[in-house]
Protein chains: 2
Amino acid sequence: MAKRSPSPEAVTAWARLMRVSRQLVEKTEDALKAGGLPPLAWYDVLHELAEAGEGGLRPFELIDRVLLAQYGVSRLLARLEAEGLVEKLPVSDDGRGQTVRITPSGRDMRRRIWTVYGASIAELMGDRLSADELKTLATLLARLRHPPIGN
Amino acid sequence: MAKRSPSPEAVTAWARLMRVSRQLVEKTEDALKAGGLPPLAWYDVLHELAEAGEGGLRPFELIDRVLLAQYGVSRLLARLEAEGLVEKLPVSDDGRGQTVRITPSGRDMRRRIWTVYGASIAELMGDRLSADELKTLATLLARLRHPPIGN
DNA sequence: TCCATATCGATGCATTTGCATCTATATGGA
DNA sequence: TCCATATAGATGCAAATGCATCGATATGGA
């Protein structure tokens with residue numbers, strides 16, 4: 001089967017996207033480590049659980065939200081639970097599953113991570129592009145999402 | 001010390017960038033696996049070495065180009081050498097170092113990876129944004145590079 | 001020349017990730 | 001009701017990664 005070739009513009013944009021996103025992640029992870037804080041993935045999960053409120057979330061609901069594999073979620077939740085940042089509750093109408101809820105100490109950790117994470121975003125994105133440029137960037141990136149959904 | 005808060009625009013752009021880049025990498029890695037091909041990192045190294053030509057590159061020169069840690073480069077090169085895709089040559093004027101050169105079979109592998117990788121770029125980027133939009137995206141992303149260099 | 005320090009690249013060990021599979025419960029059709 | 005199949009989540013094992021450190025060579029100053 002014939003494979004297509006990408007346009008030079010597509011290749012350049014791709015290369016920049018790959019390189020920049022990795023640099024930004026690396027810089028942010030470094031800042032978190034320097035502050036004695038856990039990795040970004042912990043923030044992602046704590047953030048989703050905080051948004052979900054008292055009802056919590058089922059582990060399988062986290063898979064798509066934080067872009068982790070099923071076993072990744074399973075193990076990350078085990079670590080978070082061991083640290084007392086989340087709690088697992090049995091769910092009444094499905095004996096296979098559980099509900100995961102953020103604890104007060106989890107909310108506190110989320111806040112502490114955010115002081116570093118947010119500062120990193122401000123420095124690495126906010127300082128480099130104007131509000132308009134950031135909106136343009138966000139709009140273009142939205143068109144690359146999968147599945148492609150409006151906005 | 002006081003930490004800054006990022007603007008809402010910066011946060012949105014950041015979130016989109018993180019999510020989209022991970023989705024694109026995942027889709028591309030999946031395509032490579034489906035084709036029985038090695039990961040993207042192998043392509044990155046083979047690409048740099050192919051560009052470098054017969055002179056090859058020193059391992060430490062690859063560190064910044066492919067954004068891997070020193071030990072990551074060391075081990076990846078060991079795997080590539082074991083597969084016969086690169087060869088290590090002693091370098092005359094520095095007894096500590098070596099020069100790494102791509103082999104014919106390495107060039108062939110690079111080509112084979114590109115048929116899948118390039119098609120993935122075409123599908124995931126080229127099909128979704130116009131040439132002008134891709135240029136805009138690339139320009140905005142360039143402003144986020146570290147260190148910030150012109151373009 | 002000698003020694004302290006820096007650089008290049010490799011590696012032991014612990015942690016993390018990926019893959020495959022497992023157990024347990026749920027669901028739907030015969 | 002019973003059984004085949006599907007889904008939720010956990011886990012054993014192998015591979016990859018991160019961290020610290022090592023051995024070897026280079027370099028620069030006393």
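The structure displayed is predicted, hence computed values, not measured ones. Values below: every heavy atom of this structure, side chains too, minus hydrogens, waters and symmetry copies. Proteins get letters first, then strands, A, B, ... in listed order; numbering begins at 1 in each.
Rounded to an integer number of Å, the gap from CG of B/Asp64 to P of C/dT7 is 14 Å. Remark: C1' of C/dG18 and CG of A/Leu67 are 16 Å apart, rounded to the nearest angstrom.
Taking 4.5 Å as the limit, every side-chain heavy atom of B/Asp44 sits out of range of all side-chain heavy atoms of B/Leu67. At a threshold of 4.5 Å between non-hydrogen side-chain atoms, the residues A/His146 and B/Leu124 count as touching.
Across every strand in view, C/dA30 sits in a pair with D/dT1 that passes the Watson-Crick or G-U test at under 3.5 angstrom.
Of the residues in residues 24-51 of chain B, those lying under 4.0 Å from DNA chain C by heavy-atom distance are B/Lys33.
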*What is the per-nucleotide protein-contact pattern of nucleotides 1-12 of chain D, from the 5' end, where B denotes a base atom under 4.0 Å from a protein heavy atom, S denotes such proximity for sugar-phosphate atoms only, and - denotes neither?*
------BSBBBB
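Residue pairs meeting the side chain to side chain donor-acceptor pair (under 3.5 Å) criterion with at least one partner in residues 54-83 of chain A, sequence neighbours excluded, are absent.
Looking at residues two or more places apart in sequence or on another chain, you find a salt bridge (charged side-chain N to carboxylate O under 4.0 Å, His left out) between A/Glu133 and B/Arg143. Residues passing the side chain to side chain donor-acceptor pair (under 3.5 Å) test with B/Asp108, sequence neighbours excluded: none. By the side chain to side chain donor-acceptor pair (under 3.5 Å) test, B/Arg4 pairs with A/Asp127, sequence neighbours left out.
Looking at A/Val100, A/Leu80, A/Val73 one by one, the single match for side chain to side chain contact (heavy atoms under 4.5 Å, CB included) with A/Val45 turns out to be A/Leu80. None of B/Leu46, B/Leu85, B/Leu57 except one satisfies the side chain to side chain contact (heavy atoms under 4.5 Å, CB included) rule with B/Ile102; the exception is B/Leu46.
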